[in-house]
Amino acid sequence: AHAAAAFDLMFHPDHQADLVTFDQREARACELGRDLSSWLILTLPLALVALAQQYNLISGLFDISIGSVMSLTVVLLSFTLPDLAPGSIVKSAAVCVVAALAVGGFNALLIEALNVTPIVATVASLGVVQGIAIWLRPEYGGIIAGDLYGIFAKSVGFIPISFIMVAVLAIALEWWL
């Protein structure tokens with residue numbers, strides 16, 4: 001009796017439209033969750049740049065070149081991080097840290113030794129760093145470890161764990177600063 005009722009529900013013309021409508025609503029809800037998850041993953045670089053800029057401003061410093069340093073590190077990673085092997089990760093981290101320290105040292109040289117105002121110095125280094133990034137990678141190319149997205153995409157519901165970690169970091173930095 002139950003099988004006949006289920007068969008009637010699935011294949012009776014009056015009920016097929018209801019099933020299609022239900023199916024479409026379920027599909028849209030699933031797509032919305034994936035879209036929100038992807039959107040939250042895409043906000044991660046911007047959130048990290050905003051945290052770095054906030055730290056600078058609260059510390060009484062001024063640095064407009066933070067965003068271009070992030071662009072440079074992405075370009076450097078496209079050369080040094082083809083996979084998630086430990087050697088690749090260590091090499092990539094070292095290259096990115098050296099690049100960030102070099103830009104910071106250049107800014108410090110301009111501001112402290114040459115007495116250039118911080119806004120002028122960091123706008124200048126923004127241009128120099130962006131130029132280096134474009135010189136290194138003038139066209140779209142290079143692959144950053146394909147498995148990396150899967151790590152960032154792991155989620156609780158539709159909220160990526162990486163987004164939760166950045167939110168916790170933001171709260172911790174707010175409390176610490």
(message) With clusters defined by side-chain heavy atoms of hydrophobic residues (ILVMFWY) lying less than 4.5 Å apart, directly or transitively, does Phe106 cluster with Leu101?
(response) no
(request) Please check if atom CD1 in Ile143 has more than 12 non-hydrogen atoms from other residues, nucleotides or ligands closer than 6.0 Å. (result) no
(message) Donor-acceptor pair, distance only, cut-off 3.5 Å: does the side chain of Thr122 make one with the backbone of Ile64?
(response) yes
(request) May I ask you to check whether over 12 heavy atoms, not counting those of Ile119, lie within 6.0 Å of atom CD1? (result) no
(request) Would you kindly confirm whether Leu57 and Val123 end up in one hydrophobic cluster when ILVMFWY residues are joined by side chain heavy atoms under 4.5 Å apart? (result) yes
(message) Within the 4.5 Å heavy-atom criterion, are Leu76 and Ser92 side-chain neighbours or not?
(response) no
(request) Considering only Ile, Leu, Val, Met, Phe, Trp and Tyr, and joining two whenever side-chain heavy atoms are under 4.5 Å apart, list the other residues clustered with Leu109. (result) none
(message) I'd like to check the side chain to side chain contact (heavy atoms under 4.5 Å, CB included) partners of Pro118; sequence neighbours left out, ordered by chain and number.
(response) Phe62, Ile111
(request) Take Leu173 and Gln54, measure what side chain to side chain contact (heavy atoms under 4.5 Å, CB included) needs, and give me the verdict at the end. (result) CA-CA 10 Å; Leu173 286 174; Gln54 178 186 12; 5.8 Å; no
(message) Quick check: closest heavy atoms across Val116 and Ala121, and the distance to 0.1 Å?
(response) CG1-N, 3.7 Å
(message) Tell me the closest heavy-atom pair linking Val74 and Ile144, and the distance in Å.
(response) O-CD1, 3.7 Å
(request) Kindly indicate whether the side chain of Ser38, heavy atoms from C-beta on, has any atom under 4.5 Å from the side chain of Tyr149. (result) yes
(request) Flag the pair Val75 / Ile132 as yes when at least one side-chain heavy-atom distance between them is below 4.5 Å, and no otherwise. (result) no
(message) With a 4.5 Å cut-off on side-chain heavy-atom distances among I, L, V, M, F, W and Y, is there a chain of contacts connecting Val97 to Leu136?
(response) no
(request) Step through the shown structure and confirm whether more than 12 heavy atoms of other residues, nucleotides or ligands are within 6.0 Å of CZ on Phe79. (result) yes
(request) May I ask you to test the Phe158-Leu40 pair for a side-chain heavy-atom distance under 4.5 Å? (result) yes
(request) Without swapping roles, check the side chain of Ser65 against the backbone of Leu126 for a donor-acceptor pair under 3.5 Å. (result) no
(request) Please answer: with hydrophobic residues joined when any side-chain heavy atoms are less than 4.5 Å apart, are Leu77 and Leu148 in the same cluster? (result) yes
(request) Indicate if Ile171 and Val49 have the same hydrophobic cluster label, given that clusters are the connected sets of ILVMFWY residues with side-chain heavy-atom separations under 4.5 angstrom. (result) no
(request) Side-chain contact test, heavy atoms from C-beta onward, threshold under 4.5 Å: evaluate it for Arg137 versus Ser78 and give yes or no. (result) yes
(message) Phe163 and side-chain contact (heavy atoms from CB on, under 4.5 Å): which single residue from Ile41, Val168, Thr43, Leu42 fits?
(response) Thr43
(message) Apply side chain to side chain donor-acceptor pair (under 3.5 Å) to residues Asp83 and Ser88 and explain how you reach the verdict.
(response) CA-CA 7 Å; Asp83 54 38; Ser88 295; 2.9 Å; yes
(request) Please tell me if the side chains of Asn115 and Leu110 come closer than 4.5 Å, counting only heavy atoms from C-beta onward. (result) no
(request) Measure the CD1-CG distance between Ile159 and Leu36 for me, rounded to the nearest 0.5 Å. (result) 9.0 Å
(request) Work out which heavy atom in Ser68 is nearest to a heavy atom in Val129; give both atom names and the distance. (result) O-CG1, 3.3 Å
(message) Treating Gln53 as the side-chain partner and Ile66 as the backbone partner, does any N or O pair qualify as donor plus acceptor under 3.5 Å?
(response) no
(message) Checking Asn107 against Ser125: is there a side-chain donor and acceptor pair closer than 3.5 Å?
(response) yes
(message) So, taking the atom named OG in Ser71 and the one named CD1 in Ile134, what distance separates them when rounded to the nearest 0.5 Å?
(response) 9.0 Å
